Amino acid sequence: MNAAANGRAAGAAVRPPVRSIDVAVIGAGHSGLAMSHCLAALGIEHVVLERGEVANAWRNERWDSLRLLTPNWLSRLPGYQYRGPDPDGYMERDAVAEFIADYARATTAPVRTGTAVCSVEAGGGGYRVRTWRGDWQARAVVLASGAFNRPAIPRLAADLPAGVAQLTPLSYRNPSQVADGGVLVVGASASGLQLADELQRAGHPVTIATGEHVRMPRHYRGRDIQWWMEAAGLLDERFDALRNGRDDLARARAVASPQLVGSRERAIMDLNALAGEGARIVGRLAAVRDGRALFSGSLRNACALADLKLGRLLAALDEWATGRGLGDGLPAGERFAPTRTDASPATSLDLERENIRTVLWATGFRPDYSWLQLPVLDRKGALRHQGGVVDAPGLYVMGLPFLRRRKSSFIHGAEDDARDLSEHLADYLDAMAGRCRDCIAVPS
Amino acid sequence: MDTKTILADNGVNVEALLGAREALTQAPEAARFKWRASCEWAHGTHARSTIDTFYGLGEEQKHRQPHRIETDHPELFAAEDHAATPVEVVLAGLAGCLTAGIAAVAQNRNIQLRSVKATLEAGMDLQGILGIDGDVRNGFDGIQVKYTIDADATREEIEALVAQSQKRSAVFDIITNPTDVSVTVS
């Protein structure tokens with residue numbers, strides 16, 4: 001008894017008091033800050049809890065040469081937009097971090113840096129948010145901690161020989177950290193192609209394992225592809241208005257990032273360009289056995305699917321332009337050569353004999369919800385939510401791919417989502433307050 | 001439904017397939033199937049396989065009647081050619097799977113098929129199975145499938161049918177990706 005009482009007393013002495021707040025926003029990236037701005041506009045008291053510094057992932061978890069995939073003129077957040085000298089350029093990594101930090105300052109967001117969240121639990125009519133720097137009791141919580149926290153590495157990584165180094169887009173910085181010799185890049189998304197290109201140019205013979213992918217030209221008929229996507233309304237397509245409903249949404253949320261690169265040269269990046277530089281294109285990595293990497297024989301079909309899809313996209317954009325009477329003012333629509341594959345693409349490579357010393361997993365990312373002590377994940381570990389309204393009262397999420405709209409995970413996509421969800425959240429708080437008033441009213 | 005829309009009929013009950021898909025999304029256990037075949041040696045390289053039961057939707061299932069597939073080898077292999085070679089049956093399996101997929105995808109996309117024909121050819125260097133050269137694999141060194149399709153659709157739509165069928169084909173996956181195989185003796 002005494003020991004327990006002492007322990008409790010000692011604990012109470014070192015632990016700061018629990019602070020109460022209407023809303024805790026977790027993460028001070030562009031999503032969390034956009035939400036903060038919208039909450040402030042609605043007069044809702046909140047705090048933004050940030051594990052590191054503002055725009056932490058852009059400062060500490062992205063490779064050196066990464067640039068935004070969207071042109072600068074599209075870089076905007078609620079009440080804020082890019083006003084620099086190069087609207088058609090693509091922001092470098094550090095400039096993105098500065099852009100977001102400037103936004104935090106301009107909006108005087110109530111950010112607590114160096115405040116990593118250890119857990120979120122239900123309780124006290126809302127959520128108990130435990131952090132390195134004390135606990136918060138919040139009536140509502142917004143998860144804005146990012147969609148790309150952890151690399152999704154396939155289990156077969158464990159079968160690689162011990163001498164082969166393994167990197168991910170989160171641990172990779174630049175070619176100087178890669179051992180001499182060949183690199184197997186697994187995955188043909190934006191990350192995979194960009195890193196394959198950078199490593200091949202730096203003198204590492206690259207093999208790129210290619211499953212299903214999204215081929216997209218940087219520019220089309222003289223305009224950036226993102227101009228087309230935005231102007232034609234594709235980026236505004238909503239999660240609840242897709243033709244085949246939930247099926248289309250599940251596919252759109254899982255699809256790899258399109259093969260785009262933001263570069264000064266506005267280069268069109270695809271497998272043909274990569275092969276032209278000398279990289280070897282093989283099928284999806286299917287297994288590693290006895291020091292051999294085995295690749296799927298489905299490469300041709302993966303490329304055919306991407307080529308057909310690209311053709312349909314460009315045809316749809318042409319049709320939109322013609323319908324809007326824009327066709328005459330734009331250069332004619334170009335068509336891109338089908339993806340070339342070797343006459344007999346390799347289905348098996350001996351890693352040692354081919355001198356492949358490094359494997360780079362460009363196989364996608366997952367959010368990290370290990371600290372979320374709430375029954376809101378499905379059997380595959382994904383958050384159960386309807387357009388950002390999570391399956392738990394007063395819990396919201398921002399910034400996931402196609403959360404509410406096709407643009408949801410883009411910087412410029414945060415604005416509409418933050419407005420919608422902050423309004424939903426405000427209604428929730430009002431309803432909660434109403435219920436509390438009723439609670440008090442009834443007994444009297 | 002809009003009565004003016006002309007609906008394709010390829011003899012595939014897409015509503016039932018989509019219904020099954022919806023049901024199996026809710027009940028992942030029921031989606032776990034087991035396919036089976038039994039085989040008995042006849043004589044020489046001639047063998048008879050029987051396909052009768054399978055497991056799925058949480059219980060034992062049965063074909064309407066047992067199906068038999070015989071295999072043998074041609075006379076130039078010093079065999080009696082009672083039936084197709086097993087590797088040819090593999091090609092037939094691939095063709096059957098892809099063709100069924102094309103019909104189902106076409107139905108789902110409301111594309112009327114008039115004829116779907118495939119020819120398949122697979123290369124094989126016998127120096128592998130005969131143990132002459134250890135660097136030569138036993139199996140095919142490649143498979144070419146050529147489709148000729150007559151349908152109410154553009155060339156791009158037909159190419160997309162064939163691509164989607166490969167994307168969702170079990171046999172295409174079995175052939176293009178490694179599969180763990182355990183062979184034991186009781």
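Just so we're clear, the structure is a prediction, and the values are computed from it rather than from any experiment. Chain identifiers are assigned alphabetically (A, B, ...) following the order of the sequence lines, protein sequences preceding nucleic acid strands; residue numbering begins at 1 within each chain.
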Above 12 or not: heavy atoms from other molecules or residues under 6.0 Å from [atom1] of [X]?
X       : atom1 : result
R21(B)  : CZ    : no
E334(A) : CD    : yes
R335(A) : CZ    : yes
E121(B) : CD    : no
R243(A) : CZ    : no
Q386(A) : CD    : no

**Q.** Rounded distance (nearest 0.5 Å) linking atom CG of N177(B) with atom CG of L285(A)
**A.**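 Atom-to-atom, N177(B):CG and L285(A):CG are 10.0 Å apart.
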Worksheet item: Side chain, backbone, both or neither: which part of S169(B) has a heavy atom under 4.5 Å from chain A?
Response: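 Neither the backbone nor the side chain of S169(B) comes within 4.5 Å of chain A.
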Checking side-chain contact (heavy atoms from CB on, under 4.5 Å) for the pair R284(A)/T176(B): CA distance, chi angles, key distance, verdict?
CA-CA 10 Å; R284(A) 195 178 64 86; T176(B) 55; over 6 Å; no
inquiry  = For chain B, which candidate among R289(A), R300(A), R312(A) shows the most heavy-atom pairs at distances under 4.5 Å?
reply    =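 Greatest number of close heavy-atom pairs with chain B: R289(A).
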**Request:** Identify the heavy atoms of S298(A) and F172(B) that sit nearest to each other, and give their distance.
**Result:**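 Looking at all heavy atoms of both residues, the closest pair is CB-CE2, 3.5 Å.
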Check: What do the steps show when you test L305(A) against Q164(B) for side-chain contact (heavy atoms from CB on, under 4.5 Å), and what is the final call?
Finding: CA-CA 8 Å; L305(A) 283 162; Q164(B) 184 66 18; 4.3 Å; yes
Run the salt-bridge test on R246(A) and E22(B) with the 4.0 Å N-O cut-off and return the result as yes or no.
->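 Yes, this pair counts.
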- prompt: Quick check: does any side chain N or O of N301(A) sit under 3.5 Å from a backbone N or O of A163(B), one acting as donor and the other as acceptor?
  reply: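 Side chain of N301(A) to backbone of A163(B), a donor-acceptor pair under 3.5 Å: yes, one is there.
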